[in-house]
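Note on naming: letters A, B, ... go to the chains in the order of the sequence lines (proteins, then strands), and numbering restarts at 1 for each one.
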There are 2 protein chains.
Amino acid sequence: MSSNLDLFYAVIPAGGVGSRLWPLSRASQPKFLHDVAGTGETLLRSTWLRLTPLCSADRIMVVTGCKHADEVRSQLPELDESNIVLETEGRDSTAAIGLAAAILERRHPGAIIGSFAADHLVHSDVRFRRAVREAVAAAEDDYIVTLGIQPVEASTAFGYIRAGEPLVIEDAPSARAVEAFVEKPKLATARRYLASGEYLWNAGMFIARARRLLEVLAENAPELAAGIEEIADAWDTDARDEVTARVWPGLEKIAIDYTVAEPAAKQGALAVIPGFFGWDDVGDFAAVSRVHLGADSDAEINVIGDVDRVVSTGSTGLVIGQTERIIAVAGIPNVIVVDTPDALLVTTREHAQDVKQIVAALGKSEHPEVL
Amino acid sequence: MSSNLDLFYAVIPAGGVGSRLWPLSRASQPKFLHDVAGTGETLLRSTWLRLTPLCSADRIMVVTGCKHADEVRSQLPELDESNIVLETEGRDSTAAIGLAAAILERRHPGAIIGSFAADHLVHSDVRFRRAVREAVAAAEDDYIVTLGIQPVEASTAFGYIRAGEPLVIEDAPSARAVEAFVEKPKLATARRYLASGEYLWNAGMFIARARRLLEVLAENAPELAAGIEEIADAWDTDARDEVTARVWPGLEKIAIDYTVAEPAAKQGALAVIPGFFGWDDVGDFAAVSRVHLGADSDAEINVIGDVDRVVSTGSTGLVIGQTERIIAVAGIPNVIVVDTPDALLVTTREHAQDVKQIVAALGKSEHPEVL
């Protein structure tokens, strides 16, 4: 079954601040550069290690912001300099993944690419790789393929994928057609989705022939596709900087879900491989708490940091300590305390999403420098 | 009416850590050395300023721990060195006030002393002084006098004084006999006390002729009284250090309520002047919150510190910021956050008393140095 990996290249879009993880995650030090799950590795490094058994280090491309280049190089010393695509500014996932696809198609005609965000958590790397292998097989059959996550709760935080008929594809026995993409639902709808067994979480993982992906893109966002191709033409030449500086800032900011995945679904060109590998986007501190605590989540205060410096009474939740300070919590269930040298966050699991408002307020405050 | 102040001397016992105010209050920097009410002055300095219109600076004696001597001198530069009584270790209020009384009686025979804790808050200094003047008049009539605080709520945090018949004393028109001292009551009892109008809070403020106070003490705690007199005899001689070192550590640790006030009440020798001056012992962060916020207490987050560094959403309560950090609070009503350079406390007004357990836990932890 491993023969179909001969053409496989991985792309890691490493963007997005993860603002609901402030003050752990900052504009200068975003979520993917942190070990937010307490695994001992940053999310970026975990993503890298999850992929290297599928493709050698020289086949992994990272797309990230210029200001994160040094940190990415330091966390991924095996990453080839030619495989770092630096963005002067973020232009959303179509531009990022599209450019990587266009560069890789030029360098390795016929390449099958898989795009995997740098800031998600996967529990079973083995099951993840098994799903990717199936996805690559389906991509060889010219499908655009996504990995759909088997829901474990009626989450309203993710978009959903409605799975259709099983597809008959060699080496991809679990592949199914995708009937539709659905935006983040209300709770009642999410419950219905979960009960039906026909819905999967959209984790934004796409596998396809680079050429196929670019074709679908060109059909649905021709201007954006043309800009990407123009930059890709210049990428491995002396004209890279000039063309990129001229074209990149004008590219439409739009998620690849809208430019490629949804149109492909409508054409019957999108397949999904259901994933049972345990996945979390670790989007807020409730998620950090969940992935860090596992089943024991209601037991007591859990600590990421020096447990000897945390004292609590009548409290449950999570304390993230990044300073030398003593942290004491009394009488707050489900508390979240994030203690960093220049900023402190105090909230509860139930209000983990409210950090977005905090970040918005800080942006307008006297101290936007802490964002 | 001011003539009866000719014999008046004030004693300020400045002891007690105020452990429910950790991490603001520390063993090395106790409550009375802080501006916990946000008035712009420390509680010790406020107490001093409240008294100096009643008696000149050279008539105020401060009893405090050796380790606080420098800070007390720095906060009270007008304090005469001969009026600082330093304790090598705390022996509770009978020893502290008794020794001050015995020293003052020797220096100024016939002295009337008033003892006022260094760590309480009074809202109306003018009304306070009017009450003290009445108390001094009653003390001239040989009563042991206490100021009883008119309750404003059914508090279970204070002991109560049951007021009896009005006394007929010149220049003390509001003086009443004290029928009994009552320990901190349960809530239902406290409500009954409040409704009856016959009960006052015991704020531990005593005014009496020094000689009278020492007589009552000698009747009820003869050994303790003898030890105090022995130290006082040596105090203004070369033998002070030797005698104090020998006798002080053996003195019984007991509150003056039990050795003087309660026995005097039983003898009909205790008078009370009801006080309407607004008083708070600022014993925990709920109290800090209360005295700092006043009527606006449910409105929003209140800040002691740099308000520009605090951001909140869906929260009410109090943030005390003593660092340069940004403090963000999301979704916690009645929150208390105390942010100091080496320790952080997060709790709620409802759990302000639980800080005691935090302090106890820290005492047994790896980091007792933060207490």
Name each donor-acceptor pair under 3.5 Å that joins a side chain in residues 356-365 of chain A to protein atoms two or more places apart or in another chain, with its distance.
{"unit_1": "A:Q357", "atom_1": "NE2", "unit_2": "B:T313", "atom_2": "OG1", "d": "3.0"}
{"unit_1": "A:S365", "atom_1": "OG", "unit_2": "A:L362", "atom_2": "O", "d": "2.8"}
{"unit_1": "A:S365", "atom_1": "OG", "unit_2": "A:H367", "atom_2": "N", "d": "3.0"}

Heavy-atom pair of closest approach, residues B:V337 and A:V346: CG2-CG2, 4.2 Å
Heavy-atom closest pair, residues B:T348 and A:G331: OG1-O, 4.4 Å
Largest heavy-atom contact set with chain B, pairs under 4.5 Å, which of A:V338, A:I327, A:V370, A:D308: A:D308
Max heavy-atom pair count under 4.5 Å with chain B, selected residue of A:T323, A:V335, A:I336, A:D339: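 Going by pairs under 4.5 Å, I would pick A:D339.
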Point-to-point distance, once rounded to the nearest 0.5 Å, from CG of A:L344 to CZ of B:R309: 13.0 Å
Best-contacting candidate, B:G314, B:A330, B:A343, against chain A by heavy atom pairs under 4.5 angstrom: B:A330
Greatest number of heavy atom pairs closer than 4.5 Å to chain A - which of B:I326, B:L345, B:V355, B:D354: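 The residue among B:I326, B:L345, B:V355, B:D354 with the greatest pair count is B:I326.
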With sequence neighbours excluded, residues passing ring-ring contact (aromatic ring centres under 6.0 Å, His included) with A:H34: none
Contacting region of B:P23 [heavy-atom separation from chain A under 4.5 Å]: neither
B:E183 atom CD, over 12 foreign heavy atoms within 6.0 Å: no
